[in-house]
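Only one structure is covered here, and it is reproduced in the block below.
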Amino acid sequence: MVVRELPAGRVSGRIVETEAYPLGDAACHAFRGPTARNASLFLERGHAYVYFVYGSSFMLNVSSERPGVGAGVLLRALEPLEGQSLMQRFRKTRRALDLARGPGRLAAALRIDRRQDGLDLCAPGPLWLAAGAAGPVGESVRIGLTREAQRVLRFFERGNPHVSGPRSLSPTSSS
DNA sequence: AGTGCGATTGACT
DNA sequence: GTCAATCGCACTA
C-alpha cells in the first residue's frame with residue numbers, strides 16, 4: 001500500500017494496479033538515457049519518479065533498479081483506505097470508485113506533484129510504501145501507449161472494482 | 001527558437 | 001461511445 005502524510009491528515013490506499021517499464025523498454029522514459037526530468041528513475045529502487053503529461057495529469061512511479069539503471073513501475077490505481085474525505089476534496093468527486101482509478105486520478109487523490117519527485121519511499125516521510133495483503137494477480141498488455149503497446153506488463157488484482165481500464169483487460173478469472 | 005506529441009481525463013452526443 | 005484540453009519536454013534546425 002501507499003501512504004501519504006499531509007498537514008491535513010493521512011491518505012492511503014492499497015495498490016491494485018501497476019505497469020512495468022523495465023530496462024530496454026522503448027516506452028520507458030529512461031530508455032534514451034538520463035535527463036533532468038527522468039533522473040529519479042535512475043535512483044536506487046524504491047524512489048518516487050513523478051512526471052506531468054497531457055498538460056493535466058501527474059503520474060507516480062517507483063524506481064525499480066540499482067543506482068544508475070533507469071527503470072520503474074507506474075502506479076495506476078488504488079483502493080482507498082484512509083483519508084477518503086481528503087481524497088474527495090482533492091479529486092472534486094464523492095464517488096469512491098472515481099477517487100484513485102487511473103494513474104492521473106491516483107496522483108491527484110494523494111496530492112502528488114513534482115515536489116515529491118525523488119523521495120525515498122522506503123523511509124519515513126511525506127510519501128512511503130507499506131506492506132499490505134496481496135490478492136489474486138491478473139496481467140494484460142499496457143494501457144494508453146503508442147510504443148511497445150503489446151507487452152504484457154500490466155498487473156492488477158482480479159475482481160477489484162478499483163482497477164482502471166476496459167473490462168476486457170481486467171478479467172475476473174484466468175481462462 | 002520552433003514544433004509535435006504524450007504512461008489521461010472529463011465533458012459531451 | 002467520441003473528442004478536445006493543455007503544457008512540459010525532447011527533438012530538429
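Sequence lines set the chain letters: A, B, ... in the order given, protein chains first and strands last, and positions in each chain run from 1. This one's a predicted model, so the numbers in the text were calculated from it and none came from an experiment.
Closest approach of A/Arg45 to A/Ser64, counting heavy atoms only: CB-C, 3.5 Å. Annotation for A/Ser164 and A/Gly102: closest pair CB-N, 3.7 Å, computed over non-hydrogen atoms. Summarising the geometry of A/Val11 relative to A/Ala109, their closest heavy-atom pair is CG1-O, 3.8 Å, with the distance given to 0.1 Å.
Think of A/Tyr54 as one node in a network of Ile, Leu, Val, Met, Phe, Trp and Tyr side chains linked at under 4.5 Å; its network also takes in A/Tyr21, A/Leu41, A/Phe42, A/Tyr49, A/Tyr51, A/Val53, A/Met59, A/Leu74, A/Leu145.
Annotation: of the two residues near DNA chain C, A/Ser56 and A/Arg114, the 5′-most nearest-nucleotide partner is A/Ser56. In terms of position along DNA chain B, the nucleotide closest to A/Thr146 lies nearer the 5' end than the nucleotide closest to the other residue of the pair A/Arg101 and A/Thr146.
For A/Arg37, no side-chain nitrogen or oxygen approaches OP1 or OP2 of B/dG6 to under 4.0 Å. Look at A/Arg154 and you won't find any side-chain N or O under 4.0 angstrom from OP1 or OP2 of B/dA7. Distances shorter than 4.0 Å separate none of the side-chain N or O atoms of A/Arg147 from OP1 or OP2 on B/dA7. In terms of phosphate contacts, A/Thr35 brings no side-chain nitrogen or oxygen within less than 4.0 Å of OP1 or OP2 of C/dC9.
Across the protein-nucleic acid pair, A/Leu99 atom CG and B/dT9 atom P stand 13 Å apart, rounded to whole Å. Straight-line distance from the CE atom of A/Met59 to the C1' atom of C/dG8: 13 Å, rounded to whole Å. Nucleotide C/dG1 holds its P atom 12 Å from the CZ atom of A/Arg167, rounded to whole Å. Counting to the nearest Å, the C1' atom of B/dG10 and the CG atom of A/Leu97 are 17 Å from each other. One interatomic measurement links the two molecules: CZ of A/Arg142 to P of B/dT8, which rounds to 11 Å at whole-angstrom precision. Rounded to whole Å, atom P of B/dT9 lies 8 Å from atom CZ of A/Arg91. Taking atom CG of A/Asp98 as the reference point, atom P of B/dT8 lies 16 Å away to the nearest angstrom. At whole-Å resolution of the value, CZ in A/Phe52 and C1' in B/dT9 are 12 Å apart.
Using a 4.0 Å heavy-atom distance criterion, A/Arg76 is classed as a sugar-phosphate-only contact.
Salt bridge annotation for A/Glu139-A/Arg154: absent, with no cationic side-chain nitrogen under 4.0 angstrom from a carboxylate oxygen. Ion pairing between a basic and an acidic side chain is recognised when a charged N comes within 4.0 Å of a carboxylate O; A/Arg142 and A/Glu148 show no such pairing.
In this model, no side-chain donor or acceptor of A/Tyr54 finds a partner on the base of C/dA5 within 3.5 Å.
Ranking B/dA7, B/dG10, C/dC11 by closeness to the A/Arg32 side chain, first place goes to C/dC11. Closest to the side chain of A/Asn61, out of C/dG8, B/dA7, B/dG10, is B/dA7.
Put simply, the side chain of A/Ser40 never gets that close to the backbone of A/Asp117: no donor and acceptor are under 3.5 Å apart.
Every stem involving DNA chain C, taken as at least 3 paired positions in a row under the Watson-Crick or G-U wobble test at 3.5 Å, is listed here: B:1-6 with C:7-12, B:8-12 with C:1-5.
Remark: of the listed residues A/Arg94, A/Gln88, A/Arg105, A/Gln88 is the sole one forming a side chain to side chain contact (heavy atoms under 4.5 Å, CB included) with A/Leu99.
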